[in-house]
Amino acid sequence: MTEALSIAAVSLYAIVLALLMPFAGHRLTLLWLARRGGGGAVRRQAGGPPPPPADPPTPPRVTVQLPVYNEKHVIERLIDAACRLSHPRTHLQIQVLDDSTDETTMLARRRARAWRRKGVDITVHHRKVRTGYKAGALAAGLESATGEYILILDADFVPRPDLLEALLPSMADPGVGMVQARWDHLNEQHSWLTRAQALLLDGHFFLEQRGRYLGGRFFNFNGTAGLWRRQALADAGGWQSDTLTEDLDISYRAQMAGWRFVLRDDVGVPAELPATPASLLVQQRRWAQGGVQTARKLLPRVLRGPWRPAVKFESFVHLCGHLAHPLTFALSLLVVPAALARRTLAIDRLWWLDLALFLAATAPFIVFYWTAARRRGRAKGAAARGVAGALALAAGLSVLLSGAVLRGLGRARDPFHRTPKTGSAARSSYEPRGGDFRGRRLVLGAGAFMVAAGAVAIATGHWGSLPFVGLFAAGYLAVGLGAGVRRAPGLRVSASARPGQSAPATPQEHQPHGHPDRRPVPERLWPDSGDLVGSETPVAEEDEAA
């Protein structure tokens, strides 16, 4: 390696590390904020939930919006769960916001008609043109919504009947615009991939969101399992579809308009985790590209605004967090070349530098996700395996998400691709066939490169580079090969609904759905239609948008 190339390699390596280290340190800051709050009082500017009044007034009217697109595997389960919410039926409206082009519409109309016979105010609003994607569907639904509050549930969520009873007391404070529940996991034990995702999400809710909330920073509605005050949506400017993360976008606009958000991480809503690399990639690419688009759209306004420096800094790191993906990918490519370059420049006595940097870069994430695992109640062995899987998954996704980040920076306007869900089916009909996914060759190529880089490091005695190389090689190959990912005959409950409980909860705790006349279906999460729904050919009724 020539001296000029060596200087370039070492310089690039140093720059990438310098840009990545703040992201690692930021994890510790959020961890400190989350733990500082403990079980005590929430800071006033964070909008803590007040106690419910002793004599509750007339129940508020709530509209439940269920945005769906080609969700034939889970649509009946979703409708059943929404219709079993324990809020008084005289004050509950349910909207199925359906943009589907398959039999989802037929199933939704049939199921809704059966629940209407039981006295539930539920309508199916079918759009033939998917203008604005999910944001467009939510905005269209608001035009006929009658609720003062809007509960949004994605197709793969299965709320417990008491969800509204748990969230509505936080709205007693007139300054609160949105209340966010945490996500629980229906299929966590399906594979290493779902276990890793579960831990990443636990870290997000128990530590990231909690840290922002208790620290009085802006935090975001997660797109589902959240209750909105309708006026807050209006004051924010309504749903907009110019980014792929309409939830993040409207969250910042609402808080910038003066509304406060409340996090209820003590209230869990079970949901399905993407079970294959292909379905996970659809979700993560949308989040990465949309997050960068939202940063471009709103960050200048946040930085110019009247908020505290701590709020502005957190907003910058939050909205720009996906920039870590291309930086992480670049780091993986530079680890061994930089080590070889240091030998060329006669500074290879710093062989320990890579090991020290590895510890500095990974230790905050290890502590962060270990804390999240223990907060959920996982045993130490399971927590250790989960942390290893989460780090490998994050590393493996970096190569695949780098392109999405660059497209977000480049003002690309890609369509909204929803995350495939399987319900009790063996696979989603929306998922790419053959188990393949876009980018497989790229991630496998990156894995092969890391294996070769590891061989070079061993041959040349650069032992300090091996931890980095091993982590990236494991992540790339595991994601590329789908190692340990298997298909299941159906979706079953496999995670607790409450923090501090590692064993699966009882089926009834997770399954608030089923027939209007029957108890919740035991052991599985797919409603057995039985004689609830007739076999007649469904047509649009007067109260259903055709």
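Just so it is clear, the structure is predicted and the values come from calculations on it, not from any experiment.
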Quick one: does any side-chain atom of [X] pair with a main-chain N or O of [Y] as donor and acceptor, under 3.5 Å?
X: Lys312; Y: Gly305; answer: yes
X: Ser279; Y: Pro274; answer: no
X: Arg253; Y: Gly238; answer: yes
X: Arg182; Y: Arg264; answer: no
X: Ser315; Y: Val311; answer: yes
X: Gln180; Y: Thr224; answer: yes
X: Arg127; Y: Tyr133; answer: yes
X: Asn187; Y: Leu273; answer: yes
X: Lys72; Y: Thr104; answer: no
X: Ser251; Y: Asn220; answer: no

Pairwise side-chain contact, [X] with [Y], heavy-atom cut-off 4.5 Å (strictly under):
X: Leu244; Y: His417; answer: no
X: Leu280; Y: Leu397; answer: yes
X: His87; Y: Pro60; answer: yes
X: Thr243; Y: Leu248; answer: no
X: Val292; Y: Val405; answer: yes
X: Gln240; Y: Lys297; answer: yes
X: Ile122; Y: Cys83; answer: yes
X: Arg374; Y: Lys380; answer: yes

If only side-chain N and O atoms count, and only distance matters, is there a donor-acceptor pair under 3.5 Å linking [Y] with [X]?
X: Asp265; Y: Gln209; value: no
X: Trp259; Y: Asp235; value: yes
X: His126; Y: Asp99; value: no
X: Thr105; Y: Asp98; value: yes

Does the cation-pi check pass for [X] over [Y], that is, NZ or CZ under 6.0 Å from the six-membered ring centre and within 45° of its axis?
X: Arg27; Y: Phe368; result: yes
X: Arg36; Y: Trp32; result: yes
X: Arg130; Y: Tyr69; result: yes

List the steps, then state whether side chain to side chain donor-acceptor pair (under 3.5 Å) holds for Asp242 with Gln293.
CA-CA 8 Å; Asp242 53 347; Gln293 290 172 332; over 6 Å; no
Determine, step by step, whether Asp184 and Val269 satisfy the side-chain contact (heavy atoms from CB on, under 4.5 Å) criterion, reporting the C-alpha distance in whole Å, the side-chain angles of both residues, the deciding distance to 0.1 Å, and the verdict.
CA-CA 5 Å; Asp184 285 337; Val269 184; over 6 Å; no
Taking side chain to side chain donor-acceptor pair (under 3.5 Å) as the definition, give me every residue that meets it alongside Asp154, ordered by chain and number, with sequence neighbours left out.
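Scan of Asp154 (side chain to side chain donor-acceptor pair (under 3.5 Å), adjacent residues dropped) gives Lys134.
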Run Val479 and Val399 through side-chain contact (heavy atoms from CB on, under 4.5 Å) and show every step you take.
CA-CA 10 Å; Val479 172; Val399 58; over 6 Å; no
Carefully, step by step, assess Thr245 and Thr294 under the rule side chain to side chain donor-acceptor pair (under 3.5 Å).
CA-CA 7 Å; Thr245 47; Thr294 303; 3.0 Å; yes
Should Trp370 and Phe365 be marked as a side-chain contact (heavy atoms from CB on, under 4.5 Å) after you check the CA-CA gap, both sets of side-chain angles, and the distance that decides it?
CA-CA 8 Å; Trp370 173 268; Phe365 291 95; over 6 Å; no
Before giving the answer on side chain to side chain donor-acceptor pair (under 3.5 Å), spell out for His318 and Glu208 the whole-Å C-alpha distance, their side-chain angles and the decisive distance to 0.1 Å.
CA-CA 10 Å; His318 183 195; Glu208 284 185 66; 6.0 Å; no
Hey, is Arg77 close enough to Glu71 for a salt bridge, meaning N to O under 4.0 Å?
no
Using a strict 4.0 Å threshold on nitrogen-to-oxygen distance, state whether Glu188 and Arg378 make a salt bridge.
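Judged by the 4.0 Å cut-off on N to carboxylate O distance, Glu188 and Arg378 do form a salt bridge.
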Per the side-chain contact (heavy atoms from CB on, under 4.5 Å) rule, which among Val179, Leu227, Asp173 passes with Val262?
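For Val262, the side-chain contact (heavy atoms from CB on, under 4.5 Å) test succeeds with only one of Val179, Leu227, Asp173, which is Val179.
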Criterion side-chain contact (heavy atoms from CB on, under 4.5 Å) against Arg418, the qualifying member of Val68, Val282, Asn70
Asn70
Could you go step by step and tell me if Leu201 and His185 meet the side-chain contact (heavy atoms from CB on, under 4.5 Å) rule?
CA-CA 9 Å; Leu201 285 170; His185 322 300; 3.9 Å; yes
Phe218-Tyr252 aromatic ring centre distance below 6.0 Å:
yes
Do Trp307 and Phe313 make the cut of ring centroids closer than 6.0 angstrom?
no
Can you list, pair by pair, the side-chain donor-acceptor contacts under 3.5 Å of residues 135-153, counting residues two or more places apart and other chains?
residue	atom	partner	partner atom	Å
Ser144	OG	Gln95	NE2	3.2
Thr146	OG1	Arg61	NE	2.6
Thr146	OG1	Arg61	NH2	3.3
Thr146	OG1	Gln93	OE1	3.1
Tyr149	OH	Arg229	NH1	3.3

So Asp249 and Trp239, side chain to side chain donor-acceptor pair (under 3.5 Å) or not? Walk me through it.
CA-CA 9 Å; Asp249 174 28; Trp239 295 103; over 6 Å; no
